[in-house]
Amino acid sequence: MSHFFSFPIRSLTSTVSTIICAQCRRSFTSNSVLRSGHNRWSKIRHEKGAADAKKNALRSTFSKHLTLYSKLYGPDPNLNPQLASVIAAAKKAGMPKASIDVAIARGQGKSSTGAGLENLTIEVMMPPSVAMVIDVETENRQRALQELRNLVKRHKATITPTAFLFSRLGRTVLKGTGGDFDEILMQALEAGAEDVEQDENGDVILWTQPNTTHQTAQNLSKVISTEILNSEIIWTPTGDKVKLDDEEATAAISKFLSALQEYPEVQGVYANAERGAISEELWNAVEDNLDT
């Protein structure tokens, strides 16, 4: 009976090809499944990219707070409850210990190896005419400049003067106390603030000259017995902002900003952009990676 299983491969293929009609064969070779798989992979990749962007933004926020509280109150969490609280939250969110140590050391003006840090400012223009200023702290100026220049070039941006489109100011956010704002306003001005605002959460925002920012924050926080939520020196646009209307150009800006935030020595990224006709989701991806 073995002769029943001795079909030549070529004759079997020929038989099957003869029996299955051309229309059915086309259905077997249709690429609809492949397209479906491609669409599914694109969706997964998009969702992963969005999740990674949020994770990077969260770690960037932790880093800034670790650096701030180390700078204001010292690097020892046993003597600095604000710093200890942020360390605990950062660990819970999965931030690596090495990154936490780097941020704390940065608050003391040092790298994790104890070397002193140097401040750099990189000015960038990106289509459609969006001006950016990037603040960097590094222990190796030449290396950081070279790597960031390559990053700028890779994302089709240009290094060119843009700082003249911004002014440099100190901004501090103090936790609201629920007290009379007019009284807080007078106390803030006496503490050294040049302007005072209250946001929608009731928190107090102080605007100062860069060289008085942290001292003014500490002075007023003691006077009104409240917590410093943030204290930083920023670049704020002085003229009209550029409206982002083109989805493709904005997506490119978002990718560039995300890459900058992943670079460990970048401390702040500022741009004169605002939402135009683009989707809210895309604008959020841009805004999450800006420090203004």
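Along the sequence shown, residues carry numbers from 1.
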Trainee: Roughly how far, to the nearest 0.5 Å, is CD of Glu137 from CZ of Arg106?
Mentor: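 Between atom CZ of Arg106 and atom CD of Glu137 there are 5.5 Å.
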
Trainee: Are Asp245 and Arg275 close enough for a salt bridge, meaning some N to O gap below 4.0 Å?
Mentor: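 Salt bridge between Asp245 and Arg275, a charged N being under 4.0 Å from a carboxylate O: no.
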
Trainee: Are a donor atom and an acceptor atom from the side chains of Glu194 and Gln209 found within less than 3.5 Å of each other?
Mentor: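 Glu194 vs Gln209: donor-acceptor pair found between side chains.
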
Trainee: What's the separation between atom CD in Glu274 and atom CG in Leu244, rounded to the nearest 0.5 Å?
Mentor: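 It is 8.0 Å, given to the nearest 0.5 Å.
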
Trainee: What heavy-atom pair brings Ile234 and Asp291 nearest, and what distance separates the two atoms?
Mentor: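 Reported closest heavy-atom pair: CG2-O, 4.4 Å.
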
Trainee: Under 3.5 Å, which donor-acceptor pairs link side chains of residues 148-158 to any protein atom two or more places apart or in another chain?
Mentor:
unit_1: Asn150; atom_1: OD1; unit_2: Gln146; atom_2: NE2; d: 3.3
unit_1: Asn150; atom_1: ND2; unit_2: Gln146; atom_2: O; d: 3.3

Trainee: For Gln267, does its backbone N or O pair with a side-chain atom of Asp135 as donor and acceptor, under 3.5 Å?
Mentor: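 The answer is no, because no donor-acceptor pair under 3.5 Å joins these two groups.
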
Trainee: Once you round to the nearest 0.5 Å, how far does CH2 of Trp235 lie from CZ of Arg168?
Mentor: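 With rounding to 0.5 Å, CH2 (Trp235) is 5.0 Å from CZ (Arg168).
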
Trainee: Please round to the nearest 0.5 Å and tell me the distance separating atom OG1 of Thr238 and atom CG of Leu165.
Mentor: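 It comes to 6.0 Å.
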
Trainee: Say whether, by atom type as modelled, one donor and one acceptor occur between the side chain of Thr67 and the main chain of Ala103 under 3.5 angstrom.
Mentor: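 At least one qualifying donor-acceptor pair exists.
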
Trainee: Is a side-chain donor-acceptor pair under 3.5 Å present for Glu232 with Asn230?
Mentor: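 There is such a pair (donor and acceptor under 3.5 Å, judged by atom type) between the side chains of Asn230 and Glu232.
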
Trainee: Measure the spacing between OG of Ser254 and CG of Leu290 and express it to the nearest 0.5 Å.
Mentor: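 It is 9.5 Å, given to the nearest 0.5 Å.
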
Trainee: Which of parallel (below 30°), tilted (30 to 60°) and perpendicular (above 60°) describes His65 and Tyr69?
Mentor: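 Ring orientation of His65 relative to Tyr69: tilted.
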
Trainee: Walk me through whether Asn289 and Glu287 qualify under side chain to side chain donor-acceptor pair (under 3.5 Å).
Mentor: CA-CA 5 Å; Asn289 285 306; Glu287 194 174 36; over 6 Å; no

Trainee: If you measure from CZ on Phe166 to OG1 on Thr121, what distance do you get to the nearest 0.5 Å?
Mentor: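 Spacing of CZ (Phe166) from OG1 (Thr121) equals 11.5 Å.
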
Trainee: Heavy atoms only: give me the nearest Leu83-Pro75 pair and the separation to one decimal.
Mentor: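 Smallest interatomic distance, heavy atoms only, reads CD2-O, 3.5 Å.
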
Trainee: Leu145 and side chain to side chain contact (heavy atoms under 4.5 Å, CB included): which single residue from Arg141, Arg143, Glu147 fits?
Mentor: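 Between Leu145 and the candidates, side chain to side chain contact (heavy atoms under 4.5 Å, CB included) is satisfied uniquely by Arg141.
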
